[in-house]
Amino acid sequence: MKVTVVGAGAVGASCAEYIAMKDFASEVVLVDIKEGFAEGKAMDLMQTASLNGFDTKITGTTGDYSKTAGSKVAVITSGIPRKPGMTREELIGINAGIVKEVTENLVKHSPDVIIIVVSNPMDTMAYLVHKTSGLPKERIIGMGGALDSARFKYRLAEALESPISDVDGMVIAAHSDTGMLPLFSKATRNGVPVSEFLTDEQRAYVIEETKVGGATLTKLLGTSAWYAPGAAVSVMVQSILCDQKKMIPCSLMLEGEYGQNDICLGVPAIIGKNGVEKIVNITLTVEEQLKFAEAAQAVREVNGDLKF
Ligand code: NAI
């Protein structure tokens, strides 16, 4: 099955690499607007195939969407990333135009496509794709929670001084520094609540470092991260192509779930061959419910800046 990745920059190329390395797709098509860039990235990646042992074919094109025809999944990473000190929300002006145009091109050539939205501000970009693509809501999925949950687990393992494979945890709500909601109440170490092991101070540290995880990396790197975002997308694409039905927190259009309507926000969902197979309702504490509603309010304000 064919996967298209639009934007052959840091995140797009990392995503294509992880998908190819796992060898579950027949073809990955990279698309970029910069002349020759996607073709170059595709060729470089293809030259790793014999070294890394994969058969996935990777091709690149400068904006020829006919090459993407028949894609099962398309990942949108095109747009500008943030620089140190910027919020994701500040990217809306440039990225909204790019995401809208890219979506139109993708749907024209692959009407049955499932779109994974990565470009920031991601919850708002996912909402834009819902409003402009004409695709059913099950086929539009925003990537944020998978990455933020991986960052949460990293910080939990660090605080617990434990292997990462022993910890589990999930981040829902908005993909923003203030709107992220790491579900500490449900985080576990080998099935035991982590509150058994961590002090209030450590709890506050884990939550804060998770929320500013992207900003911390942007400060260190001078631009936003790419390895973990690429890996997070590849897990979502694999769950669709291999119909794994993994439960992954994703930014989805809510119609009453978690008390919200007409908004894309991060919630746990079963991801399989049809895209979103089911939104999973988990019980939140009163404090978590309030934080979820606050995050929704902030995303709604950013959505208000969209022009369709
Ligand atoms: P980048 O600058 O390395 O790559 C973006 C690529 O998009 C560039 O190669 C550019 O030429 C291309 N592009 C721009 N307009 C295009 C168009 N109309 N058609 C096709 N390609 C086009 O940026 P990076 O680091 O890969 O980040 C991409 C986006 O992903 C940013 O908006 C960033 O904020 C977001 N991001 C989202 C994450 C998430 O968790 N949702 C995590 C990390 C990044």
Side-chain angles (χ1 to χ4, degrees), residues 4-18 29-42 60-65 67-68 74-84 86-106 115-129 140-152 171 173-177 179-180 210-218 221-236 248-252 264-266 299 302:
T4 288
V5 179
V6 185
V11 176
S14 155
C15 163
E17 183 179 12
Y18 284 117
V29 183
L30 277 169
V31 184
D32 206 282
I33 199 169
K34 258 187 275 172
E35 190 66 43
F37 192 60
E39 289 87 333
K41 286 280 178 104
T61 170
T62 307
D64 179 359
Y65 280 83
K67 304 257 172 67
T68 70
V75 184
I76 303 181
T77 77
S78 47
I80 52 164
R82 57 181 172 158
K83 297 276 172 241
M86 278 175 95
T87 66
R88 294 175 178 92
E89 290 73 18
E90 288 175 70
L91 306 173
I92 188 170
I94 294 174
N95 286 357
I98 295 174
V99 169
K100 187 164 179 278
E101 179 208 315
V102 165
T103 302
E104 281 161 7
N105 285 320
L106 287 170
I115 293 185
I116 297 180
V117 184
V118 180
S119 309
N120 274 317
M122 184 278 295
D123 298 296
T124 296
M125 293 301 109
Y127 183 76
L128 175 68
V129 174
I140 303 164
I141 309 174
M143 191 291 283
L147 170 65
D148 300 332
S149 300
R151 289 178 172 158
F152 185 33
V171 177
H175 180 60
S176 70
D177 295 357
M180 246 177 247
T210 301
K211 289 169 79 167
V212 299
T216 302
L217 283 163
T218 303
L221 298 167
T223 184
S224 67
W226 55 88
Y227 293 119
V233 174
S234 77
V235 166
M236 292 166 68
I248 304 172
C250 307
S251 186
L252 305 176
C264 289
L265 270 186
V299 169
V302 182

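Computed from a prediction, not measured in an experiment: that's the story for all the values here. Read the numbers this way: they start at 1 and go in the same order the structure lists the ligands and their atoms.
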Say you draw a straight line from CD1 of Ile116 to OG1 of Thr4; how long is it, rounded to the nearest 0.5 Å?
11.5 Å

Rounded to the nearest 0.5 Å, how far does OH of Tyr65 lie from CD of Glu104?
10.5 Å

Quick one: which of Lys211, Arg82, Arg151 gives a salt bridge (charged side-chain N to carboxylate O under 4.0 Å, His left out) with Asp177?
Arg82

Counting only non-hydrogen atoms and a 4.0 Å cut-off, the residues near ligand 1 are Val6, Gly7, Gly9, Ala10, Val11, Asp32, Ile33, Lys34, Phe37, Thr77, Ser78, Gly79, Ile80, Pro81, Leu91, Asn95, Ile98, Val102, Val118, Ser119, Asn120, Met122, Met143, Leu147, His175, Ser224, Ala225, Pro229

Enclosure of Leu221 CG (heavy-atom neighbours >12, cutoff 6.0 Å):
yes

What closest approach, in Å, do Val99 and Met125 show between heavy atoms, and which atom pair accounts for it?
CG2-SD, 3.7 Å

Thr61 side, atom OG1; Glu39 side, atom CD - distance, nearest 0.5 Å:
5.5 Å

